[in-house]
Peer 1: 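Mind having a look at this structure? Questions to follow.
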Amino acid sequence: MLDAKMIRANPEKVERELEKRNIKEGLKEFLALDEERRSILSKVEELRNFRNSASREVGELKKQGKDPQDLMEKVRKVGEEIKELEEKLKQKEEEIENILLRIPNLPHPSVPVGEDERFNVEVRRWGEPRRFDFEPKAHWDLGVDLDILDFERGAKLSGARFTVYKGMGARLERAIINFFLDVHTGEHGYKEILPPFMVNDYCMVGTGQLPKFAEDMFKVEGRDMYLVPTAEVPLTNLHREEILDDEDLPLYFTAYTPCFRAEAGSHGRDTRGIIRQHQFNKVELVKITRPEESYEELEKMTRDAERVLQLLGLPYRVVLLCTGDMGFSSAKTYDIEVWMPSYNEYKEISSCSNCEDFQARRANIRYRPARGEKPRYVHTLNGSGVAVGRTLAAILENYQQEDGSVLVPEALVPYMGGIKVIKRNDL
RNA sequence: GGAGAGAUGGCCGAGUAGGCUGAAGGCGCUCGCCUGCUAAGCGAGUACAUGGGCUAAAACCUGUGUCGCGGGUUCGAAUCCCGCUCUCUCCGCCA
C-alpha cells in the first residue's frame, strides 16, 4: 500500500510512476475521497470535542448539586449527529482503503520502463548451455520413461496440473529441498522456518495477494483461510503488527513449503511437464530490513539464490524486470532463469523482489531505529531460493544421457544416499 | 465437541456502586546529578495512530481515537450489556 500522505503531497509524481506500470485507475478517486474524508473528520472531531468537555461539565454540575438537564439534552442531540457523521466517515474510509489496497507499488528509478517482458534487461549469465550430441528429451518424456513422474495418475487423483512423483523422482525432489535449505541456513545465514500452509486473509492482504488477486488462490471452503501460494506470505507476515528492535534487523528467513496456485488465466501455457502446476514445492527467502539497506540486501539475496544453481551446475541468467512485468507489491525485481533444453531458452526459476515499505505498511511491520525514536516501516524482500519442481525439471533435462538415464549433480549425491545416476527401475 | 478462567502501555501489574485514568505502582530503558571506578542512591522523561496550527522539515502546540475486536446502554464506559476472536485449565476425541 502506498502512503496516503505521500500521494496527497505528490499526486503528479504518483500518476507518472503508475503510468509506467500501465495503471491509470484509482488515483483520482482516491484524491477526491480523501478530501471528503478529511472534511468529515474535522467536523466529527469538533463535535466530539464538544461532547467531551460538556460531559465533564455535567459531572461537575451534578457534584455541585445543580441540575444539568438542559446541557444533557443538548449533548444527546450532538451525540446523534456524531453517530451519523461517523457512519459516513467509516464508509469513506472503507472506500479509500479499498482503492489504496488495489494500487500497486511504485517502481524504483533503476527499473527499466516498458510494457512487457520484451523490455526486461539481462544483467548477467552464468554457465554454458550444454551442447548435446544426441537429441535431448524434454523432462516430461524423461520423467515418464524413467517412471519417476506420473502425469496420468496425478490427473486421476486431482486433475490437470497435478503430478505424482515416484521412486527416484520423489527422492530427488526431497534431496533438492534439503540441499537448498542447508545452503541457505548454513552458508547464507537464513533462519529456517516451517510455517503453516494455510493462512488467514489478513496475511494475504499483508503481502498483497488480496484483495486484487483472489482468483489466483485456493480458498478453504467455509473459512477465511487460503492455501499458501508461496512461503513469502507466512514468512513476511511473521512479524505483522509488531514493532521490531533495531538490533534485530536485518532478519533472514528461509522456508520450504508447497505452493498452491489456481493458475487462473494461464490456460494453454506450459501445459506439458511440471513447469506450471497447481501444487509445487519451493524454498523461499525472505528478508526484513532497514530501509537504507534494502537494495544492498536485494543484490545479496539474488546472489544467494544464484548460488544454489551454481552448486548444481545449472546454467542461468539474471534478468531485471521492466515496470510492466513486475509483480504487484514489488519496487524492483530480478528474475533468475535457468536453461531448459526442451524450451531451448531460459525459463524463470526464481524471482527476487524488494517491496520496500509497501507490504510493511499493509501488514504494519515497523522497527524502532533507536530508543525514544518514532517507529518506521521496515522494508521487506522475498525471493525464490529456488523453485524446486523447476529445478528437478532442469536437472533431468540438463543432466540427461543418451540412454535416457540422468546423472545426479555432484552436490546432490550425498542427499541421494550416494546414488549418482537415475535409471529406469531404480526403487 | 463440553465446562470454566482470562485478554490493560516494552514487560509485570493495579483499576467494576461509570466521570478529572492514556491509564496507579513496579521493572526495563533514556537523560541529568551524585560517588575516585563499579554497584547503590536521587531527579526528570519514556504508547500508537490520526486531523489541524506552526515550520524548509522537525521539534513544538492543539484536537480526536485506541485498555483483544465489533456493536449497544448513557450527557459520559477500561469499567455495565450483547456478539466475535484468541489464550489458558479440565473432560472427551484424534495423528
Peer 1: With respect to the side chain of A:Glu60, which nucleotide from B:C48, B:C20, B:G51 is positioned closest?
Peer 2: B:C20
Peer 1: List every contact pair, protein side and nucleotides 54-58 of chain B side both N or O, where the distance is under 3.5 Å.
Peer 2:
none

Peer 1: Let me have the donor-acceptor pairs involving side chains of residues 81-91 of chain A, under 3.5 Å, with sequence neighbours excluded, atom names and distances please.
Peer 2:
from    : atom 1 : to      : atom 2 : distance (Å)
A:Glu86 : OE2    : A:Arg48 : NH1    : 2.6

Peer 1: Can you tell whether the side chains of A:Lys166 and A:Asp147 come within less than 4.0 Å, N to carboxylate O?
Peer 2: yes
Peer 1: Among B:U64, B:C48, B:G51, which nucleotide sits nearest the side chain of A:Lys374?
Peer 2: B:C48
Peer 1: Sequence neighbours left out, what passes ring-ring contact (aromatic ring centres under 6.0 Å, His included) with A:Phe180? Give chain and number order.
Peer 2: none
Peer 1: OP1 or OP2 of B:A47 versus the side-chain N and O atoms of A:Arg368: is any pair under 4.0 Å?
Peer 2: no
Peer 1: Taking only residues two or more places apart in sequence, or in another chain, which ones meet A:Phe151 in a ring-ring contact (aromatic ring centres under 6.0 Å, His included)?
Peer 2: none
Peer 1: Enumerate donor-acceptor pairs with a distance under 3.5 Å from any side-chain N or O in residues 270-277 of chain A to protein atoms, sequence neighbours excluded.
Peer 2:
from     : atom 1 : to       : atom 2 : distance (Å)
A:Asp270 : OD1    : A:Tyr343 : OH     : 2.9
A:Asp270 : OD1    : A:Lys347 : NZ     : 3.2
A:Asp270 : OD2    : A:Arg276 : NE     : 3.0
A:Asp270 : OD2    : A:Arg276 : NH2    : 3.1
A:Arg276 : NH1    : A:Glu263 : OE1    : 3.2
A:Gln277 : OE1    : A:Thr163 : N      : 3.4
A:Gln277 : OE1    : A:Thr163 : OG1    : 2.7
A:Gln277 : NE2    : A:Gly273 : O      : 3.3

Peer 1: Using the C1' atom on both, measure B:C80 against B:G19 and round to a whole Å.
Peer 2: 14 Å
Peer 1: So which one's nearest nucleotide on RNA chain B is more toward 5', A:Arg8 or A:Phe50?
Peer 2: A:Arg8
Peer 1: Convert the base pairs of RNA chain B into dot-bracket notation, remembering that pairs crossing earlier ones are written with [ ] and that bases paired across to another strand are shown as |; include only Watson-Crick or G-U pairs under 3.5 Å.
Peer 2: ((((((((.[[[..)...(.....]]]((((((.......))))))(((((((......))))))).[[[[[..)....]]]]])))))))....
Peer 1: Residues in ring-ring contact (aromatic ring centres under 6.0 Å, His included) with A:Phe50, at least two apart?
Peer 2: none
Peer 1: Taking the same atom, P, in B:G70 and in B:C75, what whole-Å distance lies between them?
Peer 2: 23 Å
Peer 1: Can you list the residues that meet the ring-ring contact (aromatic ring centres under 6.0 Å, His included) rule with A:Phe280, with sequence neighbours excluded?
Peer 2: none
Peer 1: Compare side-chain N and O positions of A:Asn49 against OP1 and OP2 of B:U64 and report whether any pair is under 4.0 Å apart.
Peer 2: yes
Peer 1: Tell me, for nucleotides 67-85 of chain B in 5' to 3' order, what letter each nucleotide earns: B for a base near a protein heavy atom under 4.0 Å, S for only sugar-phosphate near one, - for neither?
Peer 2: ----SSS-BS---------
Peer 1: Hey, which sits more toward the 5' end of RNA chain B by its nearest nucleotide, A:Ile243 or A:Val44?
Peer 2: A:Ile243
Peer 1: Hey, are A:Glu17 and A:Arg21 close enough for a salt bridge, meaning a charged N less than 4.0 Å from a carboxylate O?
Peer 2: no
Peer 1: With a cut-off of 3.5 Å and sequence neighbours excluded, list every side-chain donor-acceptor pair involving residues 221-234 of chain A.
Peer 2:
from     : atom 1 : to       : atom 2 : distance (Å)
A:Thr230 : OG1    : A:Glu232 : N      : 3.0
A:Thr230 : OG1    : A:Lys282 : NZ     : 2.8
A:Glu232 : OE2    : A:Gln359 : NE2    : 2.8
A:Glu232 : OE2    : A:Asn382 : ND2    : 3.3

Peer 1: Quick one: which residue pairs count as a side chain to side chain donor-acceptor pair (under 3.5 Å) with a foot in residues 168-187 of chain A, not counting sequence neighbours?
Peer 2: A:Glu173-A:Asn281, A:Asp182-A:Tyr415, A:His184-A:His188
Peer 1: When rounded to the nearest Å, what value does the distance between P atoms of B:A3 and B:G83 take?
Peer 2: 14 Å
Peer 1: Using atom types as modelled, flag every donor-acceptor pair under 3.5 Å from a side chain in residues 244-251 of chain A to any protein atom, sequence neighbours excluded.
Peer 2:
from     : atom 1 : to       : atom 2 : distance (Å)
A:Asp246 : OD1    : A:Arg290 : NE     : 2.9

